[in-house]
Amino acid sequence: MPEMYMLKEFLYENMIYPEGPRDMGIQGEVKVGFVVDNNGRIKDVRTIKTSGNSELDKEAMRVIKKTSGKWKPGKINGKAVNTQMTLPITFQIDE
């Protein structure tokens, strides 16, 4: 399986809660699908399951695209291969 060192920290530092949904108290989870290619780059980013809010969905896709090149690719028999991934991203307002 592909790996990205400190993925949770990267998402926390780079994700921006969109102002509109945040101000309206909208929370949700977006499931983002993507491919980590054999060089650790991200491609074919898409929404697998929407949060129900297009701004949250767009931000989740933006931050995943920003991880491109930071992944250690998956391997089969020692050879780097393209790997399909799905990652849930949760938008939650801290109180």
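Counting from 1, the numbers follow the sequence of the chain as shown.
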Exercise for the section: Please examine the side chains of Met85 and Met1, heavy atoms only from C-beta on, and report whether any two atoms are closer than 4.5 Å. Expected result: yes
Exercise for the section: Could you tell me whether Glu9 atom CD has more than 12 heavy atoms of other residues or ligands within 6.0 Å of it? Expected result: yes
Problem - Glu55/Lys58 ion pair, N-O < 4.0 Å - result: no
Practice task
Report the distance from atom CD of Glu59 to atom CE of Met15, rounding to the nearest 0.5 Å.
Solution key: 7.0 Å
Exercise for the section: Specify whether Trp71 and Phe34 have parallel, tilted or perpendicular ring planes, treating 30° as the upper limit for parallel and 60° as the lower limit for perpendicular. Expected result: tilted
Fill in the blank from the handout: Rounded to the nearest 0.5 angstrom, the OG1-CG distance for Thr50 and Asn53 is 7.5 Å
Fill in the blank from the handout: Heavy-atom closest pair (Gly28 atom, Leu56 atom, distance to 0.1 Å) is N-CD1, 4.2 Å
Completion exercise
CE (Met6) and CD (Glu13) are apart, to the nearest 0.5 Å, by 7.0 Å
Practice task
Can you measure from NZ (Lys66) to CG (Asn14) and round to the nearest 0.5 angstrom?
Solution key: 4.0 Å
Completion exercise
Scanning both residues in full, the closest heavy-atom pair of Ile93 with Gln27 reads N-OE1, 2.7 Å
Fill in the blank from the handout: When rounded to the nearest 0.5 Å, the distance separating CD1 of Ile64 from CZ of Arg46 is 12.0 Å
Practice task
Would you sort out whether Asp57 and Ser51 count as a side-chain hydrogen bond (donor to acceptor under 3.5 Å, both in side chains), showing the intermediate values?
Solution key: CA-CA 6 Å; Asp57 296 350; Ser51 66; 2.8 Å; yes
Exercise for the section: Show your reasoning for whether side-chain contact (heavy atoms from CB on, under 4.5 Å) applies to Lys65 and Arg62. Expected result: CA-CA 5 Å; Lys65 289 175 184 176; Arg62 183 197 69 82; 5.9 Å; no
Fill in the blank from the handout: Heavy-atom closest pair (Thr83 atom, Gly74 atom, distance to 0.1 Å) is OG1-CA, 3.9 Å
Problem - Ile16-Phe91 co-clustered via ILVMFWY side chain contacts under 4.5 Å - result: no
Exercise for the section: Please check if Val81 and Val35 belong to a single hydrophobic cluster, counting links between Ile, Leu, Val, Met, Phe, Trp and Tyr side chain heavy atoms closer than 4.5 Å. Expected result: no
Problem - Shared hydrophobic cluster for Val36 and Ile48 (ILVMFWY, side-chain gaps under 4.5 Å) - result: no
Exercise for the section: Check the pair Thr86 / Val32 against side-chain contact (heavy atoms from CB on, under 4.5 Å), numbers first and verdict last. Expected result: CA-CA 6 Å; Thr86 300; Val32 180; over 6 Å; no
Problem - Atom pair CG/OG1 of Leu87 and Thr67 - distance to nearest 0.5 Å - result: 8.5 Å
Fill in the blank from the handout: In short, Asn38 meets Asn82 closest at the heavy-atom pair N-OD1, 2.9 Å
Exercise for the section: Please tell me if the side chains of Pro2 and Lys72 come closer than 4.5 Å, counting only heavy atoms from C-beta onward. Expected result: no
